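Residue indices begin at 1 and follow the sequence shown. Since this is a predicted model, take the numbers as computed values, not measurements.
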Amino acid sequence: MFDIKDVEIKNIDHLGIVAGIIDSIGLVEIINEYIGVNENEKVNAGQVVKAMILNGLGFVSKPLYMFPKYFESIPCEHLIGSGVKAEYLNDDKLGRVMDKLFIKGLDSIFLSISLNVIKKFKISLSTSHLDSSSIHLHGEHNSSLPEVVFDYPKVENSLLEEELETKSLQPINVTYGYSRDHRPDLKQFLIELICSDDGDIPILLKSASGNTVDSSCFGQILVDYKKQLKVDSLMVADCALYTEQNLKLMSDIKWLCRVPLSIKEAKLLTSTLPESEFKKSKLRGYSYVAKKITYAGIEQRWLVVQSQERRKSDLQKLSQKITKNEAKIKSDLKKFSKEKFACEADAIKELSKLSKKFKYHQINQVSIIENIGHSRKQEKYYQVSATIIKDEDKIHPSILNAGRFIIATNILEEAELDNTSMIYKYKAQQSCERGFSFLKDPLFFADSIYLKTPERIEALAMIMGLCLLVYKLAQRQLRLALYESQLKIKNQLGKPTDTPTLKWIFQCFQSVHIVEFQNKKQVSNWNEERDFILNLLPNNCHSYYSFIT
């Protein structure tokens, strides 16, 4: 006789895809090689990390102390491993694993995993993108781990050249600094990220103290990156990389970055080059002027780029600034006209001082009015009335500067990197920005972090990086399969696309359940669309939905 109590229903949704990608990377095995496996533990470190990634990519915004609650409705054994139960994934277990990850070296663990991905999925490293962003925190954060000495395991196929015995790094300093989140009232730490332009795959992820200045460390990060990976990659970054010290440090590295307009020569170029000198780029909406420049003793190519879309926006903002500035000047002149001066010379002198503050205007007409006071002495005093006009000589450089920026590279031959490719590769710098947007999504672990020790904050940052790695890899493989098969799937608007976001694919897998009855399992709510998508993904994903009958 049928009894509803004999039926067990668990939510799998898109988590089978996430678990399959984790398996295809070999992530659990790599973590366990670093941390080790204790036969007496109910769930090993690799499985805990897998569980945290499943949670992070569940997009349910559950804090860590609610971890077991999250897994109550999820088939733990099916997704994580035989014998794993929700209650084993408590905050104490998570904390101990994060401490062990920190001790064994977070940077090395992440790089070992990403190197495995590069080799297995043939990720191109012809171009790499570097950027950083801040993550704000709440509460106090005190170190809880002693300084230790540990051994790194030899990870198969790893390109890392680590000394066997290495002293553990001290944790980051969680402190105040420049906030990209516009929360200067909160302490923070930084995440430094290098992505490949092949699918935005994160290759290197490091945490840094909250008051770290990008320009002071970007050069060394890229030097270390090349040394560890042994690849001749074009390194792309924003203007924080362009300092004399960094450029000299990167003498053996191919680089491309934006030039800060705080450099006089750069500012002069953007504000004086006539429109007629610009050549149209093959990239729509962009034009450029190429220059050979020597800066910091290094010969390089500068490209003064003009974006039509940005120029239109900048000119509109400039017009608003001029109008606002004019209104303020007229108000100041009205107040100034009421002031009394002992002689004409004093009046003209003060008006001259005031006019030097005008950014876009100049004095047009001046009237000196002589008055006699109402006191018994009837002393003379002078007042000034003035009008203004726009100063075209001041405005013209701002008009020329609108929509312009400069990118530079030490690749001197256009045959190796042409001008249009320079613009294209710099625009691809958005790969890091998309990664940070993903990490800061409110539906991710959280929009800020509440852990109490810097070591665990760093460990969680690495887990967040692994979530990004799994997400971007799954998206890349799906899009690659669509491209190679010349197939398309429907997007949110019902229109065919071969570049779907993985977030949309996850939504397509909502309400997929594993139903168990009389020791038999079956996936419910399956359909042709989901089956089509699943067959585009790596084989490791298939087994998690293989109960279909």
Side-chain angles (χ1 to χ4, degrees), residues 24-27 30 105-132 152 154-163 191-206 214 217-238 240-242 246-258 298 300-301 407-418 421-422 424-435 462 465-466 468-470 472-473 475-477 480:
S24 68
I25 292 172
L27 187 146
I30 293 174
L106 298 168
D107 299 347
S108 299
I109 294 172
F110 188 90
L111 192 56
S112 292
I113 294 168
S114 65
L115 287 171
N116 209 41
V117 170
I118 291 166
K119 183 173 182 179
K120 183 168 184 179
F121 294 95
K122 297 179 173 59
I123 307 296
S124 170
L125 293 181
S126 60
T127 306
S128 302
H129 298 267
L130 166 66
D131 206 351
S132 73
Y152 281 105
K154 293 182 179 179
V155 180
E156 187 179 355
N157 299 326
S158 175
L159 300 179
L160 294 174
E161 289 186 346
E162 299 286 349
E163 294 181 3
I191 291 180
E192 297 161 344
L193 181 66
I194 295 181
C195 292
S196 166
D197 65 349
D198 180 5
D200 299 350
I201 305 296
I203 307 301
L204 180 143
L205 183 139
K206 295 167 64 73
D214 290 345
C217 62
F218 270 14
Q220 190 61 52
I221 289 173
L222 293 182
V223 169
D224 294 342
Y225 176 74
K226 181 178 181 180
K227 182 180 178 181
Q228 291 170 322
L229 273 73
K230 293 180 171 55
V231 292
D232 189 25
S233 181
L234 173 63
M235 308 297 189
V236 183
D238 222 318
L241 182 65
Y242 200 88
N246 285 338
L247 297 185
K248 289 179 178 178
L249 191 62
M250 299 186 298
S251 58
D252 296 327
I253 294 174
K254 293 187 297 185
W255 52 262
L256 168 69
C257 68
R258 188 164 175 166
I298 298 167
Q300 50 199 269
R301 283 164 59 205
I407 51 179
T409 181
N410 61 342
I411 300 176
L412 302 179
E413 299 299 325
E414 285 191 46
E416 186 177 355
L417 180 67
D418 62 54
S421 295
M422 282 180 67
Y424 180 81
K425 288 184 179 295
Y426 179 74
K427 279 173 60 66
Q429 180 68 4
Q430 295 173 350
S431 61
C432 282
E433 294 171 11
R434 286 190 291 266
M462 189 203 72
L466 292 176
L468 178 62
L469 175 60
V470 169
K472 292 295 184 180
L473 179 62
Q475 182 171 269
R476 175 190 184 269
Q477 295 308 110
L480 183 62

Task: Under 3.5 Å: donor-acceptor pair, side chain of Lys472, backbone of Pro202 - done: no

Task: Side chain Ser431, main chain Asp200, donor-acceptor under 3.5 Å - done: no

Task: Closest non-hydrogen atom pair, Leu249 against Val223 - done: O-CG2, 3.7 Å

Open item on the list: Do Phe121 and Leu473 have side chains that approach each other closer than 4.5 Å (heavy atoms only, starting at C-beta)?
Closed with: yes

- [ ] Any chance you could measure Ile411, atom CD1, to Leu234, atom CG, to the nearest 0.5 Å?
- [x] 5.0 Å

Task: pair Trp255-Leu247: side-chain heavy atoms closer than 4.5 Å - done: yes

Task: Separation of Ile194 CD1 from Phe218 CZ (nearest 0.5 Å) - done: 9.0 Å

Open item on the list: List the residues meeting salt bridge (charged side-chain N to carboxylate O under 4.0 Å, His left out) with Glu414, not counting sequence neighbours, and say none if there are none.
Closed with: none

Task: Distance in Å, Ile298 CD1 paired with Asn410 CG, rounded so as to fall on 0.5 Å steps - done: 7.5 Å

Open item on the list: Using a 3.5 Å distance criterion without hydrogens, assess whether the side chain of Thr127 forms a donor-acceptor pair with backbone atoms of Asp197.
Closed with: no

TODO: Might you point out which heavy atoms bring Asp107 and Lys206 nearest each other, and give the distance in Å?
DONE: OD2-NZ, 3.1 Å

Task: Inter-residue atom distance Ser114.OG - Ile201.CD1, 0.5 Å rounding - done: 10.0 Å

- [ ] Looking only at non-hydrogen atoms, find the nearest pair between Ser233 and Ser128 and report the distance.
- [x] OG-OG, 2.8 Å

TODO: Measure across Lys425 and Leu256 and return the closest heavy-atom pair with its distance rounded to 0.1 Å.
DONE: CB-CD2, 3.9 Å

Open item on the list: Is there a side-chain contact between Asp131 and Leu193 in this structure, where contact means two heavy atoms from C-beta onward sitting under 4.5 Å apart?
Closed with: no

Open item on the list: Any heavy-atom pair between the side chains of Lys226 and Met250 that's under 4.5 Å?
Closed with: no

Task: Residues in salt bridge (charged side-chain N to carboxylate O under 4.0 Å, His left out) contact with Asp224, at least two apart in sequence or another chain - done: none

Task: Heavy-atom side-chain proximity of Gln228 to Leu204 below 4.5 angstrom - done: yes

- [ ] Please examine the side chains of Leu111 and Leu229, heavy atoms only from C-beta on, and report whether any two atoms are closer than 4.5 Å.
- [x] yes

Open item on the list: Quick check against the 3.5 Å criterion: does Asn246 have a side-chain atom that pairs as donor or acceptor with the backbone of Leu241?
Closed with: yes

TODO: Look up atom CG in Leu417 and atom CE in Met422, then write down how far apart they are to the nearest 0.5 Å.
DONE: 6.0 Å

Task: For the student: nearest non-hydrogen atoms of Gly465 and Phe110, plus distance - done: C-CE1, 3.5 Å

TODO: Not counting sequence neighbours, which residues clear salt bridge (charged side-chain N to carboxylate O under 4.0 Å, His left out) with Arg476? List them please.
DONE: Asp198

Task: Donor-acceptor under 3.5 Å (Ser132 side chain, Ile191 main chain) - done: no

Open item on the list: Using side-chain heavy atoms (C-beta onward) and a distance below 4.5 Å, is Ile203 in contact with Tyr225?
Closed with: yes

Task: Distance-minimising heavy-atom pair for Ala237 and Tyr426 - done: O-CE1, 3.8 Å

TODO: With the side chain counted from C-beta on, respond yes when Asp238 and Asp214 share a heavy-atom pair under 4.5 Å apart, and no when they do not.
DONE: no

Task: Gap separating the CZ atom of Arg434 from the SG atom of Cys195, nearest 0.5 angstrom - done: 9.0 Å

Open item on the list: Would the distance check show the side chain of Gln429 and the main-chain N or O of Leu130 forming a donor-acceptor pair, the cut-off being under 3.5 Å?
Closed with: yes

